[in-house]
Amino acid sequence: QVQLVESGGGWVQAGGSLRLSCAASGSASIKTMGWYRQAPGNQRELVATITTVGSTNYADSVKGRFTISRDNAKNTVYLQMNSLKPEDTAVYYCNADVRISRFATREVWGQGTLVTVSS
């Protein structure tokens with residue numbers, strides 16, 4: 001069974017930076033990993049994803065400010081967040097697609113870590 005353990009959330013002023021980390025435990029094959037967020041009153045939305053070979057995609061709202069990366073040897077995904085804005089305030093969730101058979105995958109979520117950006 002795979003679990004995702006997140007760290008790095010906290011409080012920053014607008015314009016500041018934070019780096020989130022998410023480590024996957026277990027022996028399963030980890031495929032695409034990503035970060036999602038949910039702000040008060042909003043639906044959970046995609047922030048960024050990264051494949052096993054490093055292909056990335058970003059939400060338009062964070063493009064140019066956030067960078068997703070991963071360390072496959074450690075099964076860890078990172079989210080470097082720069083030039084943070086108050087609208088980035090949300091609970092950030094780590095996500096991983098775990099391969100459980102030749103053709104099947106299972107989606108695993110972290111517990112979430114709170115990022116608060118003050119104006």
Side-chain angles (χ1 to χ4, degrees):
Q1 294 182 344
V2 173
Q3 288 186 299
L4 303 179
V5 180
E6 300 168 328
S7 63
W11 178 93
V12 294
Q13 295 188 43
S17 298
L18 284 174
R19 190 189 191 210
L20 306 182
S21 299
C22 173
S25 63
S27 60
S29 178
I30 307 298
K31 299 303 178 183
T32 299
M33 303 184 76
W35 291 94
Y36 295 72
R37 68 186 182 187
Q38 187 168 14
N42 291 354
Q43 297 292 317
R44 188 174 300 185
E45 63 180 359
L46 179 144
V47 177
T49 61
I50 184 168
T51 70
T52 55
V53 296
S55 297
T56 60
N57 78 293
Y58 297 90
D60 289 340
S61 59
V62 307
K63 195 173 299 182
R65 300 187 296 120
F66 292 10
T67 302
I68 189 170
S69 60
R70 67 189 292 167
D71 184 335
N72 289 332
K74 297 181 178 180
N75 280 336
T76 300
V77 64
Y78 307 93
L79 185 68
Q80 179 67 47
M81 304 185 292
N82 298 326
S83 301
L84 283 162
K85 304 175 181 179
E87 51 262 45
D88 294 319
T89 295
V91 177
Y92 284 71
Y93 297 90
C94 180
N95 171 270
D97 291 325
V98 181
R99 184 164 299 284
I100 59 175
S101 69
R102 184 176 180 183
F103 299 107
T105 59
R106 181 180 181 181
E107 193 172 65
V108 180
W109 291 90
Q111 79 286 352
T113 184
L114 178 63
V115 172
T116 302
V117 185
S118 63
S119 61

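- When atom types are taken as modelled, the side chain of Y58 and the backbone of I68 share a donor-acceptor pair closer than 3.5 angstrom.
- Listed for the Q80 side chain is no donor-acceptor partner under 3.5 Å among the backbone atoms of F66.
- Side-chain contact check for S118 versus T116: every heavy-atom pair is 4.5 Å or farther apart.
- Taking hydrophobic clusters as Ile, Leu, Val, Met, Phe, Trp and Tyr residues chained together by side-chain heavy-atom distances below 4.5 Å, L4 shares a cluster with I30.
- Atoms OG1 and CZ, on T56 and R70 in that order, are 11.5 Å from each other to the nearest 0.5 Å.
- At a threshold of 4.5 Å between side-chain heavy atoms, the hydrophobic network of Ile, Leu, Val, Met, Phe, Trp and Tyr places Y78 and L20 in two separate groups.
- No donor-acceptor pair closer than 3.5 Å links the side chain of R19 to the backbone N or O of L79.
- Counting non-hydrogen atoms of neighbouring residues, nucleotides and ligands closer than 6.0 angstrom, the CD atom of Q3 reaches no more than 12 such neighbours.
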Q. Where do K85 and D88 land on the salt bridge (Lys or Arg N to Asp or Glu O under 4.0 Å) test, with the steps shown first?
A. CA-CA 5 Å; K85 304 175 181 179; D88 294 319; over 6 Å; no
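- Listed here is the closest heavy atom pair of N75 and M33: O-CE, 4.2 Å.
- Summarising the geometry of V5 relative to Q111, their closest heavy-atom pair is CA-OE1, 4.3 Å, with the distance given to 0.1 Å.
- Counting non-hydrogen atoms of neighbouring residues, nucleotides and ligands closer than 6.0 angstrom, the CD atom of E107 exceeds 12 such neighbours.
- Note: the hydrophobic cluster containing V98 also contains W35 (ILVMFWY, side chain heavy atoms under 4.5 Å, direct or indirect links).
- Panel note: side chain N82, backbone G16; no donor-acceptor pair is recorded below 3.5 Å.
- R65 contributes a side-chain N or O that, together with a main-chain N or O of S83, makes up a donor-acceptor pair within less than 3.5 Å.
- Cluster membership for V47 and I50, using ILVMFWY side-chain heavy atoms within less than 4.5 angstrom, is shared.
- Under the 3.5 Å distance criterion, the side-chain polar atoms of R44 are left unmatched by any main-chain donor or acceptor of V91.
- The two residues V77 and C94 have their closest heavy-atom pair at CG1-SG, 3.6 Å.
- Once rounded to the nearest 0.5 Å, the distance linking OG1 of T113 with CD of E6 reads 6.0 Å.
- Distance alone, capped at 3.5 Å, places no donor-acceptor pair between the S61 side chain and the A59 backbone.
- Partner of M81 under the side-chain contact (heavy atoms from CB on, under 4.5 Å) criterion, out of V12, V62, L18: L18 alone.
- The local environment of CZ in R106 is sparse, with at most 12 non-hydrogen atoms from other residues, nucleotides or ligands closer than 6.0 Å.
- Ring planes of Y93 and W109: perpendicular class, angle over 60° (limits at 30 and 60°).
- Counting only distance, with no hydrogens or angles, the side chain of S119 and the backbone of P86 share no donor-acceptor pair below 3.5 Å.
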